[in-house]
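For reference, the structure discussed in these notes is given below.
When reading the values below, keep in mind they use all heavy atoms of this one structure, side chains included, and skip hydrogens, waters and symmetry mates. Just so it is clear: chains get the letters A, B, ... in the order the sequence lines come, proteins before strands, and each one is counted from 1.
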Amino acid sequence: MNNEQVADVFDRVADLLEIKGEIIYKTLAYRKAADNLRNLPVDIQTTRDEKRLTEIPGVGKAIADKIEELLTTGKLKLLEKLEQEVPPSLIELLEVPDVGPKKAALFWKQAGITNLAGLKSAALNGLLRNLPGMGEKSEKRILDGIEMVARRSKRMVLDDAWTLGNQWLEWLRELPDVKRAEAAGSLRRWRDTIGDLDFAVASDNPARVVEAILQHPDVVNVLGRGENKTSVELKNGVALQVWIQPTINFGCLWQFTTGSKDHNVRVRELAQRQGLSLSEQTLTRESDGERISCETEEQVYEALGLRWIPPELREDRGEIEAVKHGDLPNLIQLEDMHADFHMHSTWSDGRNTIEEMALSAIQNGHKIIAITDHSSGLGIAGGLRPDDIRMQRAEIDTVQQKLGESIRILQGAEVEIRADGSLDYPDDVLAELDIVIISLHTSLRQPGEEITARLIKAMNNPHADIVGHPSARLLPNREGADLDWTAVLETAQKTGIALEINANPHRLDLPEAYARRAAQMGILLAINSDAHRIGRLDNLVYGISAARRAWLQAGHVINTWKPEKIMAWLHTRSG
DNA sequence: GCCGTTTTCGGCCCGACTGTTTTCAGTCG
């Protein structure tokens, strides 16, 4: 079993424990452990073999034993027992808004409901309204909720979420009662996919802002409305939440709405230990009830004796400890980037010529780019045959002459890693290229051992410089290849090959947990746009956000290097 | 079930909103 599968088991255990009515802290413990396993950059099997399971945050003796049991037998007695006691199909009910573990247990024990279909038919037949604590309104709410689950849009990729988010920000900022409006939630933390959109608004007349939002033509469903917040469903199926506080409290509000939940729990614990209570409205000194308003986030963190923490780090993955010890990383920024090593032209499946790409890259402030069209194996993308490569070289030379010193254009290729781990070009062709990216595009469903061996074999080719989108995942839905990451990272460390953080918002690949681990291991990283047209050179902003979430600093990323250093590095490789 | 700048035992964030209630439970972020 891999990390993800063990985490799924623990989430299932947590769901069932919760419905069963186990104390909440036990279920939270399983969820926390599951979350940390998903973000563990090393294979759980390795950690087990090294007897270091309890070093994982949130994993103590009991959960370590359960991981051991799962890895040894592939099963978990606790889960089997729970599935006997509580119908597992009840977990479906937790998807419905306003149905939590208590309601699910109520429906099961008092109405014999065990799954979503049963809940729907009970609601339609008016059987829920007479249950304790229920009424007609609750019954209707649940029915609406079931329909919403059915039509709810899947998670958005980052550029779609920001496009929609920015439209709303512009609209909110034009409202006469709005002093300030900012993105919050996972959007502001730049998570790789986004569910709901969250906004923090400063206004001295919150009720009028709520009213205006409810009148917006795109709002089709009101999920909740209060004095200081409202939650609505848009016609495209996206849920949107807006919190509103007076300007003087905006710092507390923005901090709270940005999350993550786990980060906020830690911050509030910290406040509590200092005799302070932090809410979305204000900081309160518990000794005398004095309310300390914070207009900025900096004031909130400062009041707790902390430096401001960049939103990308607010995931309770060590940022609180780091800021306390004064070693928060100086995160990489877009302005640090001077190069882009992965883009396509009309020679394969790109929309723009080499010259157009180069001119646009100059506009973006780049000093070096690499044109990396597909190799011939990827027929669907019009890959280049070896003869084409020599002709393309002539065109690059011409463009280079024309543009002079304003930019340096490298000839590269995105070379297919074949199913057997060999590369799509022979070594003599690879040697002609200035830079070689190797990528997986096909046969991605090979078993873990096979695809890991395939990638490692390719990484060992001395001409290969960068592994393109290493997991080959596609957001928001297609999982990456079932790679043994410990082995892949060790190979990168040994060979000195760089790993790409592909900045296409559908990829953001290398995934952040492995990017963070790679940097810790001293592995070089590259952030590349993979642009297929000039407008997409701007993708780098998403790659930067992924890198920041992986705690990367400029020095970890070869695109920030000076041109001479980049050329020197390329010369040391492939020989 | 985890964890330790109060603690190896006794804590474990905080408030808004909703619908059901006559003061609260459940859900959510």
Would A/Arg317 and A/Glu512 satisfy salt bridge (Lys or Arg N to Asp or Glu O under 4.0 Å), going step by step from the backbone distance to the final call?
CA-CA 12 Å; A/Arg317 293 180 192 157; A/Glu512 61 196 40; 2.9 Å; yes
Nearest to the side chain of [X] - [options]?
| X | options | value |
| --- | --- | --- |
| A/Val265 | B/dC13, B/dT20, B/dC14 | B/dC13 |
| A/Glu227 | B/dG1, B/dC17, B/dG15 | B/dC17 |
| A/Ile63 | B/dG1, B/dG15, B/dT6 | B/dG1 |

Quick check on A/Arg52: does its CZ atom have over 12 non-hydrogen neighbours (other residues, nucleotides or ligands) under 6.0 Å away?
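It does not: A/Arg52 CZ has 12 such atoms or fewer within range.
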Would you say A/Leu124 has more than 12 foreign heavy atoms packed within less than 6.0 Å of its CG?
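Yes, the 6.0 Å shell around CG holds more than 12 heavy atoms from other groups.
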Contact list for [range], test salt bridge (charged side-chain N to carboxylate O under 4.0 Å, His left out), sequence neighbours left out:
| range | result |
| --- | --- |
| residues 267-280 of chain A | A/Arg266-A/Glu269 |
| residues 237-260 of chain A | none |
| residues 106-127 of chain A | none |

Residue pair A/Glu139/A/Thr54 against DNA chain B: nearer the 5' end by closest nucleotide is A/Thr54
Return the 5'-most residue of the pair A/Leu223, A/Gly60 with respect to DNA chain B, ranking by each residue's nearest nucleotide.
A/Gly60
So does [X] get a side-chain nitrogen or oxygen closer than 4.0 Å to the phosphate oxygens (OP1/OP2) of [N]?
| X | N | result |
| --- | --- | --- |
| A/Arg141 | B/dG19 | yes |
| A/Gln272 | B/dG11 | no |
| A/Gln281 | B/dA16 | yes |
| A/Ser138 | B/dT20 | yes |

For [X], report the nucleic acid contact type (base, sugar-phosphate, nothing); a contact means any heavy atom under 4.0 Å.
| X | value |
| --- | --- |
| A/Asn264 | nothing |
| A/Leu278 | sugar-phosphate |
| A/Glu136 | sugar-phosphate |
| A/Arg266 | nothing |
| A/Val267 | nothing |

If the [atom1] atom of [N] is compared with that of [M], how far apart are they to the nearest Å?
| N | M | atom1 | value |
| --- | --- | --- | --- |
| B/dT21 | B/dT27 | P | 16 Å |
| B/dT8 | B/dG1 | C1' | 15 Å |
| B/dC13 | B/dC3 | P | 15 Å |
| B/dC12 | B/dT7 | P | 15 Å |
| B/dG26 | B/dT20 | P | 14 Å |
| B/dT23 | B/dC28 | P | 26 Å |

Tell me whether A/Tyr25 is stacked on the nucleobase of B/dC12, counting only the six-membered base ring and applying the 5.5 Å and 30° thresholds.
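Yes.
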For the pair made of [atom1] in [X] and [atom2] in [N], what is the distance, rounded to whole Å?
| X | N | atom1 | atom2 | answer |
| --- | --- | --- | --- | --- |
| A/Ile142 | B/dT18 | CD1 | C1' | 12 Å |
| A/Asn228 | B/dC14 | CG | C1' | 15 Å |
| A/Asn221 | B/dT18 | CG | P | 13 Å |
| A/Lys61 | B/dC3 | NZ | C1' | 16 Å |
| A/Asn249 | B/dC14 | CG | P | 17 Å |
| A/Asp144 | B/dG19 | CG | C1' | 14 Å |
| A/Asp262 | B/dC12 | CG | P | 17 Å |
| A/Leu270 | B/dC14 | CG | C1' | 15 Å |

Tell me which nucleotide, if any, is Watson-Crick or G-U wobble paired with B/dT8 when both distances must be under 3.5 Å.
none
How does protein reach along nucleotides 21-29 of chain B, written 5' to 3' as B (base within reach of a heavy atom under 4.0 Å), S (only sugar-phosphate), or - (no contact)?
-----SSSB
Evaluation steps, salt bridge (Lys or Arg N to Asp or Glu O under 4.0 Å), between A/Glu139 and A/Arg129
CA-CA 6 Å; A/Glu139 189 178 75; A/Arg129 61 183 67 180; 2.8 Å; yes
Can you give each donor-acceptor pair under 3.5 Å made by side-chain atoms of residues 41-51 of chain A, sequence neighbours left out, with the distance rounded to 0.1 Å?
{"from": "A/Thr47", "atom 1": "OG1", "to": "A/Asp43", "atom 2": "O", "distance (Å)": "3.2"}
{"from": "A/Arg48", "atom 1": "NH1", "to": "A/Glu68", "atom 2": "OE2", "distance (Å)": "3.0"}

Close residues, residues 29-36 of chain A, relative to DNA chain B [heavy-atom separation under 4.0 Å]:
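DNA chain B contact set from residues 29-36 of chain A: A/Ala29, A/Tyr30.
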Quick one: side chains of residues 8-20 of chain A, donor-acceptor pairs under 3.5 Å with protein atoms, not counting sequence neighbours, listed by atom name and distance.
{"from": "A/Asp8", "atom 1": "OD1", "to": "A/Arg38", "atom 2": "NH2", "distance (Å)": "2.8"}
{"from": "A/Asp11", "atom 1": "OD2", "to": "A/Arg38", "atom 2": "NH1", "distance (Å)": "3.1"}
{"from": "A/Asp11", "atom 1": "OD2", "to": "A/Arg38", "atom 2": "NH2", "distance (Å)": "2.9"}
{"from": "A/Arg12", "atom 1": "NE", "to": "A/Glu83", "atom 2": "OE2", "distance (Å)": "2.9"}
{"from": "A/Arg12", "atom 1": "NH2", "to": "A/Glu83", "atom 2": "OE2", "distance (Å)": "3.1"}
{"from": "A/Asp15", "atom 1": "OD1", "to": "A/Arg31", "atom 2": "NH1", "distance (Å)": "3.2"}
{"from": "A/Asp15", "atom 1": "OD1", "to": "A/Arg31", "atom 2": "NH2", "distance (Å)": "3.1"}
{"from": "A/Glu18", "atom 1": "OE1", "to": "A/Arg31", "atom 2": "NH2", "distance (Å)": "2.6"}

Could A/Asp316 and A/Lys32 be called an ion pair, given the rule that one side-chain N must be under 4.0 Å from one carboxylate O?
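Answer for the salt bridge query: yes.
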What pairs of donor and acceptor atoms, side-chain ones from residues 221-229 of chain A against any protein atom, are under 3.5 angstrom apart with sequence neighbours left out?
{"from": "A/Asn221", "atom 1": "ND2", "to": "A/Glu233", "atom 2": "OE1", "distance (Å)": "3.1"}
{"from": "A/Arg225", "atom 1": "NH2", "to": "A/Glu211", "atom 2": "OE1", "distance (Å)": "3.3"}
{"from": "A/Asn228", "atom 1": "ND2", "to": "A/Ile244", "atom 2": "O", "distance (Å)": "3.1"}

Side-chain polar contacts of residues 167-174 of chain A - donor-acceptor pairs under 3.5 angstrom, sequence neighbours left out - could you list them?
{"from": "A/Arg173", "atom 1": "NE", "to": "A/Ala181", "atom 2": "O", "distance (Å)": "3.0"}
{"from": "A/Arg173", "atom 1": "NH2", "to": "A/Ala181", "atom 2": "O", "distance (Å)": "2.7"}
{"from": "A/Arg173", "atom 1": "NH2", "to": "A/Glu182", "atom 2": "OE1", "distance (Å)": "3.4"}

